[in-house]
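One structure is given here, and the rest of the page talks about it.
Here is the naming used below: chain letters follow the sequence lines, and residue numbers restart at 1 for every chain.
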Amino acid sequence: MTIIYIQSFTQAQKALSYLQKHGIRCIVERSFGRSGCGFALKVTDKNASRAEVCALLGSIGVSCDLS
Amino acid sequence: MIYLDNAATTFPKPQTVYRKWAYAMSAYGANPGRSGHKFSQSTAEAVYKSRAKCAEFFGAQPENTIFTMNCTHALNFAIKGIAENGCHFVTSDMEHNAAIRPVYAAAKNFGGSCTMFEASADEEQTVYNAERAIRSETVALVCTAASNVIGLRTPLRELAALCRRKKICFIVDAAQGAGTLPITLKDGANIICAAGHKGLYGPMGTGLLITDGKFPLNTIIEGGTGSASESIVQPDFTPDRFESGTINTAGVIALGEGVEFVLQHTPEKILAHELALCRRFCDGTKKIRGIYLYNDITPQNSEQYAPVVSFNIGNVPSAEGAAMLSTNGFYMRGGLHCAPLAHKKIGTINGGTIRFSPSVFNTADEVERLLKTLERISVKL
């Protein structure tokens, strides 16, 4: 499963909405990781690669860099 | 009761807003974006949905759509956030205290200054006056979309073009325009500050700071955001950067319903309805002895105005006039409407004016009843 860590809930939810529009299943969960309190975008769609997901997210200004 | 004080806050709100607010109070009762449990998660999702709706309305990105307590709160964020040492602001002579007070406070605190330009019914003249006020150290032009006293609109697109040319930030006080006038980031504003509880038909205690992100803002309030909590430094990403502390969750969720209501009815149709009521009011009062109008909205000049009319009943001080109308069941505001500059301009700084400000829910019949009441009152004067 691809997990993208995102600091802001708004960015995570924006990412989720965008991926879902592209037919990619995912969920947002609260997380606590290297960058402190934040959110994990879990891509549950096995057909979606990390590269594909990050490229899509990059196009809406959401970075995969924290992951 | 006939409520015509919608420039202060709209009443009633759409039924969908009442229902959503009541529903949100129980269904979305956890703190959004703080905890990982489903209750908090679903509340945060509902907040996001409202945020995305507001963002769409103003042509912004959801993360650049910041919930505030009101328009004043948003203006303080924008004005004090962009201030720097020796900075200079430009504002019009029609501004509400919500804009002018933070401008003066920021200028004072940062050893800067402010120049006020004359807003005119002649749009070209207004832009010319604004350009003459801009200096090399000017950081922002802060301007109302429309006067809350006489409804005079400012040429936002032209002022936006001027600000782009001068490479300064254009901050629009949209308290009186959001929901009726075309005010989006696409129209050229860099920052839009709006009340949620006026033309957007949301609950009181809601406001919006909309930014295109081109002018980074310092914070004036810091605190818990539920994000990047390992750091004692305020996050640099929005909206978290400007949303410290728990937000008015039920309020902002209901605000989304208000915006949806406006989208469904369309700002253009709402504006046309309200201006038609203003025109009838102006036309009717001209036939009543002793009623003095400070802005006369006619079919020929409607495009220059937001739906607000200021008037007085003879020499009666505006507060007394408003009280007389209140006794007769018409609720309007008298006084200075927190905009002393506009009153200085129209010569009513001593007595103020009574303000007629309809909403989408007012009817032509209500205006006729008001006119009859004014006729009755004026005979007694």
Side-chain angles (χ1 to χ4, degrees), chain A, chain B residues 28 30-56 60-67 208-214 223-244 246-247 249 252 256:
Chain A
M1 184 193 302
T2 299
I3 301 178
I4 315 287
Y5 291 103
I6 300 174
Q7 286 182 304
S8 156
F9 178 84
T10 302
Q11 287 275 20
Q13 200 63 29
K14 180 180 172 181
L16 176 133
S17 301
Y18 193 68
L19 292 181
Q20 285 181 339
K21 271 184 198 162
H22 283 78
I24 297 173
R25 290 188 303 278
C26 47
I27 56 169
V28 171
E29 286 181 358
R30 187 86 168 121
S31 75
F32 183 81
R34 278 173 293 162
S35 53
C37 293
F39 300 87
L41 178 72
K42 294 187 175 175
V43 181
T44 54
D45 197 324
K46 288 175 186 169
N47 296 323
S49 70
R50 183 178 184 83
E52 181 192 357
V53 167
C54 289
L56 281 169
L57 295 184
S59 72
I60 57 164
V62 177
S63 169
C64 289
D65 288 350
L66 280 179
S67 308
Chain B
Y28 301 121
N31 202 325
R34 298 299 197 268
S35 306
H37 55 74
K38 283 185 182 172
F39 200 20
S40 173
Q41 189 84 4
S42 64
T43 303
E45 284 166 14
V47 169
Y48 177 80
K49 203 172 159 190
S50 177
R51 193 189 302 279
K53 180 68 69 184
C54 295
E56 177 195 344
Q61 291 297 319
E63 64 271 25
N64 288 335
T65 301
I66 295 138
F67 289 123
L208 289 160
L209 173 68
I210 313 284
T211 165
D212 63 4
K214 289 178 184 164
T225 58
S227 54
S229 304
E230 82 292 353
S231 173
I232 58 167
V233 177
Q234 188 74 359
D236 59 2
F237 50 88
T238 56
D240 304 40
R241 181 169 175 75
F242 301 105
E243 286 186 1
S244 293
T246 302
I247 59 168
T249 305
V252 304

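In terms of heavy atoms, S8(A) sits closest to D240(B) at OG-OD1, 3.2 Å. When all heavy atoms of C37(A) and E230(B) are compared, the closest pair comes out as N-OE1, 4.3 Å.
For chain A, the nearby part of T238(B) is the backbone; its heavy atoms alone come within less than 4.5 Å. With a 4.5 angstrom heavy-atom cutoff, S35(B) touches chain A only via backbone atoms.
Put simply, the side chain of R30(A) never gets that close to the backbone of H37(B): no donor and acceptor are under 3.5 Å apart. Between the side chain of Q41(B) and the main chain of V28(A), a donor-acceptor pair closer than 3.5 Å is present.
Judged as a side-chain contact (heavy atoms from CB on, under 4.5 Å), and not counting sequence neighbours, the contacts of S244(B) are I221(B), T225(B), Q234(B).
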query: Can E45(B) and F9(A) be said to form a side-chain contact (heavy atoms from CB on, under 4.5 Å), step by step?
result: CA-CA 9 Å; E45(B) 284 166 14; F9(A) 178 84; 4.1 Å; yes

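Ranked by heavy-atom pairs under 4.5 Å with chain A, the first of P62(B), A52(B), S231(B), A44(B) is A44(B).
Among the residues in residues 12-23 of chain A, those with a non-hydrogen atom closer than 4.5 angstrom to a non-hydrogen atom of chain B are Q13(A), K14(A), S17(A).
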